[in-house]
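Letters go in sequence order (proteins before strands), and every chain restarts at 1. Quick note: numbers below take in every heavy atom, side chains included, and nothing from hydrogens, waters or symmetry partners.
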Protein chains: 2
Amino acid sequence: MSEEQYLAAYDPRAYPAVAVTVDVVTLTIREGALHLLLVRRAEQPYADFWALPGGFVRPAEDLDAAAGRELAEETGLGGEDLHRVHLEQLASYGTPGRDPRMRVVSIAYLAFAPDLPEPSAGTDAGEAEWLPLAALPSRRLAFDHERIVADGLERARAKLEYTPLATRFLGEEFTIADLRAVYETVWGHPLHAGNFHRKVLSVPGLVESTGATTEHGGPRGGPRARLYRAGDARLLHPALLRPATEETAR
Amino acid sequence: MSEEQYLAAYDPRAYPAVAVTVDVVTLTIREGALHLLLVRRAEQPYADFWALPGGFVRPAEDLDAAAGRELAEETGLGGEDLHRVHLEQLASYGTPGRDPRMRVVSIAYLAFAPDLPEPSAGTDAGEAEWLPLAALPSRRLAFDHERIVADGLERARAKLEYTPLATRFLGEEFTIADLRAVYETVWGHPLHAGNFHRKVLSVPGLVESTGATTEHGGPRGGPRARLYRAGDARLLHPALLRPATEETAR
DNA sequence: TGAGAACAACTCACTCTGAGAATAACCCCA
DNA sequence: TGGGGTTATTCTCAGAGTGAGTTGTTCTCA
């Protein structure tokens with residue numbers, strides 16, 4: 001049988017039905033705190049629960065494209081803003097029973113976004129909101145989304161160490177202090193300002209100077225700060241390591 | 001996502017069929033060289049091509065379990081040997097058209113195995129073999145498996161840096177030189193024996209002494225070496241960093 | 001105008017790393 | 001059986017990197 005004949009005779013329906021979805025863990029920093037994008041489910045199962053934005057992958061759609069589409073739909077953002085968002089595959093979740101309706105395998109994505117406007121402007125999803133991560137423990141999410149969020153957070157923290165993705169939480173131009181605030185927020189503890197400054201400038205390709213400075217000093221005083229933009233490095237060498245957390249996973 | 005999910009809940013078959021498979025990138029070290037487990041495809045498409053072992057996820061089977069099952073089937077190993085194999089999810093691949101038959105989303109896994117016997121003992125797959133990675137460039141694999149292998153290799157190299165998984169390539173007991181050989185093989189360049197030795201013993205939880213030594217010296221001379229077993233660390237602090245590779249991904 | 005805040009640069013002690021070398025145990029071969 | 005070559009393990013040393021604190025300046029706010 002030739003390959004053509006084989007394909008013509010092939011019956012895809014002979015296989016058990018499995019649905020494939022994408023879910024996106026979208027992180028941003030608002031008012032100095034890490035926030036997560038959630039939508040409220042309108043229907044069963046888990047009606048009225050908050051969940052990660054996501055949905056079915058369309059028949060001729062690539063996985064990455066599906067994740068980007070879901071993110072755009074849920075945030076109500078056009079390509080312009082979305083261009084600055086970093087989107088990467090996180091992991092896949094397919095334990096039988098994770099969706100009570102049928103077998104669903106979900107490909108989770110992780111997104112780093114600059115401070116975006118309030119979500120849900122003109123989307124088909126009902127409510128959407130940025131939830132401060134500090135408020136997450138008191139909220140039960142639909143499906144296994146709590147686990148997915150936890151995995152995404154850990155990935156995000158690790159990624160700040162060896163990639164310049166922290167800059168994706170900021171605008172086009174930023175100060176070293178802005179960048180430090182990102183690290184402090186995501187890692188959850190303060191860093192030594194002087195050492196951070198030295199380190200950031202010493203890592204090749206992390207940031208490059210714009211030559212300009214802020215218009216004014218900080219709101220509580222201090223000199224104008226120099227402005228930088230993201231550099232061209234994809235990986236940081238040497239990495240910006242998190243301060244040892246004592247027995248980090250023995 | 002409303003009408004679509006509604007329909008899905010009542011008639012899964014109403015959905016465009018998507019098949020979910022697992023593929024496993026299995027690495028081992030044989031005769032001082034990194035090897036990859038491959039099987040030869042007996043059927044269309046890509047008949048006679050070599051491919052990663054893998055197959056369809058069964059209806060009530062977890063993804064991890066499916067990967068473990070495929071690995072066991074293909075290597076012909078029982079639970080005893082498989083217990084020492086490290087298996088983790090690598091990434092998912094679902095570009096439309098990657099399988100000419102239908103939409104197939106594949107969850108790829110990465111496995112680190114100690115030196116295993118020749119594969120394919122009594123399996124349903126036709127041929128199976130350990131391919132030295134050095135021979136890979138001259139061989140075309142089925143589907144997008146070359147890409148998956150490349151991703152798996154990069155992940156493996158990175159994992160050696162911050163996890164004790166190098167020990168998974170070795171037996172229960174090993175010498176520091178054995179461990180160094182694993183790093184040199186996977187990373188592809190020699191390491192300074194003295195510095196490696198100092199570093200391995202200084203990282204908490206990487207290895208622990210058994211108190212014993214090898215029975216004899218090396219085949220070409222040298223003293224007996226002390227034996228160690230894997231420690232209890234899951235993450236290495238500080239990490240065993242690869243020597244800077246000059247512009248690693250600028 | 002003075003106090004407080006914060007950017008930027010610098011100092012200093014300590015740790016970690018790469019490179020080389022020393023010591024000693026052990027194999028193989030003459 | 002003795003010597004040469006090989007390898008495990010330990011040391012030394014200089015240079016790079018890091019944590020913590022200090023200094024000088026610029027700026028905002030009261």
With B for base contact, S for sugar-phosphate-only contact and - for none (protein heavy atoms under 4.0 Å), nucleotides 19-30 of chain C reads BB----BBSS--
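When heavy atoms are screened at a 4.0 angstrom cut-off, B:A177 is found touching the sugar-phosphate backbone but no base atom.
Qualifying salt bridge (charged side-chain N to carboxylate O under 4.0 Å, His left out) partners for A:R168, counting only residues two or more places apart in sequence or in other chains: none. With sequence neighbours excluded, no residue satisfies salt bridge (charged side-chain N to carboxylate O under 4.0 Å, His left out) with B:K199.
A salt bridge is defined here as a Lys NZ or Arg NE, NH1 or NH2 lying under 4.0 Å from an Asp or Glu carboxylate O, and B:R155 with B:E88 meets this definition. Using a cutoff of 4.0 Å between basic side-chain nitrogens and carboxylate oxygens, A:E146 and A:R139 are not scored as salt-bridged. Between B:E154 and B:R242 there is a salt bridge, with a side-chain nitrogen of the basic residue lying less than 4.0 Å from a carboxylate oxygen of the acidic one.
For residues 203-228 of chain B, the set of pairs meeting the side-chain hydrogen bond (donor to acceptor under 3.5 Å, both in side chains) definition, not counting sequence neighbours, comprises B:E208-B:R229.
Using a distance-only test at 3.5 Å, with no hydrogens or angles considered, no donor-acceptor pair links the side chain of A:H35 to the main chain of A:I29. Side chain of A:E184 to main chain of A:L191: a donor-acceptor pair is present (N/O by atom type, distance under 3.5 Å, no hydrogens or angles). Remark: the backbone N or O of B:L116 is paired with a side-chain donor or acceptor of B:R30 at under 3.5 angstrom. Looking only at distances, a side-chain donor or acceptor of B:R157 sits under 3.5 Å from a matching main-chain atom of B:V186.
Contacts between residues 160-175 of chain A and DNA chain C, defined by a heavy-atom separation below 4.0 Å, involve no residue at all.
The distance from atom NE2 of B:H237 to atom P of C:dC16 is 14 Å, rounded to the nearest whole Å. As rounded to whole Å, 9 Å separates atom C1' of C:dA8 from atom CG of A:L201. Rounded to an integer number of Å, the gap from CG of A:L191 to P of C:dC7 is 13 Å.
For the residue pair B:D151/B:Y93, the side-chain donor-acceptor check at 3.5 Å is satisfied.
With DNA chain C read from its 5' end, the first of the two nearest nucleotides for B:K199 and A:L227 is the one closest to A:L227.
Think of the region where chain A sits on DNA chain D: with heavy atoms and a 4.0 Å cut, that region ends 5' and 3' at D:dT18 to D:dC29.
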